[in-house]
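Starting from 1, each residue takes its place in the sequence as its number. Because the structure is a prediction, the values reported are computed rather than measured.
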Amino acid sequence: MLVKTYAAAVQGIDARVITIETAITRGVQYCIVGLPDTAVKESHERVRAALTHSGYTMPRTAAVINMAPADIRKEGAAYDLPIAVSLLVGTQIIKSEVLDRYMIMGELSLDGSVQPIRGALPMAIEARARGFKGMILPAANATEAAVVNNLEVYGVENLRQVADFLSGNATLQPTIVDTRAEFAREAGHFDLDFSDVKGQENVKRAFEVACAGGHNILLIGPPGSGKSMMAKRLPSIMPPLTLGEALETTKIHSVAGKLRRGSRLMTVRPFRAPHHTISPVAMVGGGSNPMPGEISLAHNGILFLDEFPEFPRTVLEVLRQPLEDRHISVSRARYQLDYPASFMLVASMNPCPCGYYTHPTKPCTCAPGAVGKYLGRISGPLLDRIDIQCEIMPVAFDELHTRAQGESSADIRARVMAARKIQAERFANEPGVHCNAQMNTRLMQQYCALDADATAILKRVMTKYDMSARAYDRILKVARTIADLAGSEAITPAHISEAVSYRTLDRSSWGSTAITR
């Protein structure tokens, strides 16, 4: 007897339907074909124990299980449940007329209980796209998959539930999630707020500009000046995720297994802060069992790199291409995957090894040349890709001790959202372009035109500091964002001057507290 059940395999952040064909014949041989990995091959022992503990008897027949298409590698234990169901139906222990209507996924414990899996959301999306009526998966993943509309999602606790449901001996209630209501209720809740920050008005302004245009930003300052503390508050002023962005972001975290049990749609932009001991593969993704890296987990959100120069040079250099292309292609001998990586890079660093090169009162104890050597850990091409480079100084005691609160995140976020609304209307007919930082050359020529006075300022600065063509583009993009925050259609000399002031490391006089314009 030949039985077909349907499962899915995740490739990148998308899923493909896998047809599990089970042929039951005379004999005792049991084999799985179709490019299974070790975990799939070991399913035989898990399935046998799960069937026994669920009150069934492992069929004493030959079973050949083919997982098609055979050119896709099948990885993990999530195929246990569809294999067990196919054996039950193939040996006529249970009878089912609805097997072809459902995609089935789940890892089995030896007692027959069903364990959570990774990638439930992209699997559910593929199930709906391929016309399945519903999906049967672990109860822990049900709310995650139920955000997909027009698909019946059944969360199950054990193998017996699945067998009774498919044979018509029991009913299951589908998990229902009101995606839009859930999204609206959860969005905008933050534990940290900029009202807690004392002083640092210039840095707050730089953060506001960065979030309004999606620009990368680097903070340079001595220890204790508030770099990390302020960076952790950035999500509270970022514009909210759209429903499409939330779905895409949740897919990535689902594939990586980063969603908490019972999670639904992500409603807050991700904030990833890897330690500086991270490897290049962990940063970009891949590995023997391919997984999204930190740059993909930060998609549509923030990648915060604290102690920027302490990251290995090999790790920092892999950021260069994703910062430009906003996606990463991972090519290995066995596979080639494409992960999205449209993130806002936020980095912080001390000005020198001892940390006090720019401190207003503490002397720097570094040897001559140490400051340049320390900064040299970050390549020029990478620094060129950071739109805003902002110097930060320690807060004076009087400001630190005051009880007065600073401007709230809600107020800053309102201005950011107003600027993003302008950009959304501007780029409505430009696929893949959502903010000023994503503008290409054609769009810059159209929306970043300068008058004579603004051109003269930019020319003088470019010539004096011998800036690159990429720095020129970054200044124009930042100036466009500053103009949007001001509600101005034209980029004025004041906007260009402020954008130039954010290129701290391009100035030969860097290290002084004065800002040259």
Do other residues, nucleotides or ligands put more than 12 heavy atoms under 6.0 Å from the [atom1] atom of [X]?
X      : atom1 : value
Lys232 : NZ    : no
Asp191 : CG    : no
Glu489 : CD    : no
Tyr472 : OH    : no

Roughly how far apart are [X] [atom1] and [Y] [atom2], rounded to 0.5 Å?
X      : Y      : atom1 : atom2 : result
Ile13  : His299 : CD1   : NE2   : 7.0 Å
Ile386 : Arg470 : CD1   : CZ    : 11.5 Å
Asp306 : Ser348 : CG    : OG    : 3.5 Å
Leu259 : Asn141 : CG    : CG    : 9.0 Å
Leu265 : Leu241 : CG    : CG    : 8.5 Å
Phe308 : Leu375 : CZ    : CG    : 10.5 Å

Could you check if a side-chain atom of [X] sits within less than 4.5 angstrom of a side-chain atom of [Y], using non-hydrogen atoms only?
X      : Y      : result
Ile482 : Tyr502 : yes
Met283 : Leu305 : yes
Leu137 : Glu144 : no
Pro240 : Met417 : yes
Asn350 : Glu307 : yes
Leu297 : Ile252 : yes
Pro351 : Tyr374 : no
Arg377 : Glu310 : yes

Could you check whether [X] pairs with [Y] (Lys NZ or Arg NE/NH1/NH2 to Asp/Glu carboxylate O, under 4.0 Å)?
X      : Y      : answer
Lys258 : Glu294 : no
Arg415 : Glu208 : yes
Lys251 : Glu248 : no

Give a yes or no on whether the backbone of [Y] and the side-chain of [X] come within a donor-acceptor separation of less than 3.5 Å.
X      : Y      : answer
Gln200 : Ser225 : yes
Arg233 : Asp193 : yes
Asn436 : Gln423 : no
Gln389 : Leu383 : yes
Arg413 : Met238 : yes
Arg269 : Asn300 : yes
Ser497 : Pro493 : yes
Asp451 : Thr492 : no
Lys227 : Gly221 : yes
Arg420 : His434 : no

(Q) Does Leu476 form a side chain to side chain contact (heavy atoms under 4.5 Å, CB included) with Leu450? I'd like the steps, not just the answer. (A) CA-CA 9 Å; Leu476 286 181; Leu450 304 179; 3.6 Å; yes
Q. So Tyr356 and Thr365, side chain to side chain contact (heavy atoms under 4.5 Å, CB included) or not? Walk me through it.
A. CA-CA 8 Å; Tyr356 297 106; Thr365 59; over 6 Å; no
What's the shortest heavy-atom distance between [X] and [Y], and which atoms?
X      : Y      : result
Ala142 : Thr175 : CB-OG1, 3.5 Å
Ser254 : Ala120 : OG-N, 3.1 Å
Tyr79  : Lys74  : CE1-CB, 3.9 Å
Val255 : Gly12  : CG1-O, 3.5 Å
Val371 : Cys352 : CG2-CB, 3.8 Å
Ala210 : Met344 : O-SD, 3.7 Å

**Q.** Verdict with reasoning, Leu234 to Cys211, per side chain to side chain contact (heavy atoms under 4.5 Å, CB included)
**A.** CA-CA 8 Å; Leu234 268 178; Cys211 291; 3.4 Å; yes
Q) How about Thr481 and His215: does a side-chain donor come under 3.5 Å of a side-chain acceptor? A)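 Indeed, the side chains of Thr481 and His215 share at least one donor-acceptor pair under 3.5 Å.
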Q.
Working note: Lys477 + Gln438, criterion side chain to side chain contact (heavy atoms under 4.5 Å, CB included); need CA distance, chi angles, decisive distance, verdict.
A. CA-CA 9 Å; Lys477 291 178 181 180; Gln438 299 172 344; over 6 Å; no
Q | cation_pi(Arg503, Tyr465) dist<6.0 Å, angle<=45 | A |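 Judged by the rule (NZ or CZ under 6.0 Å from the ring centre, within 45° of its axis), Arg503 is not positioned above Tyr465.
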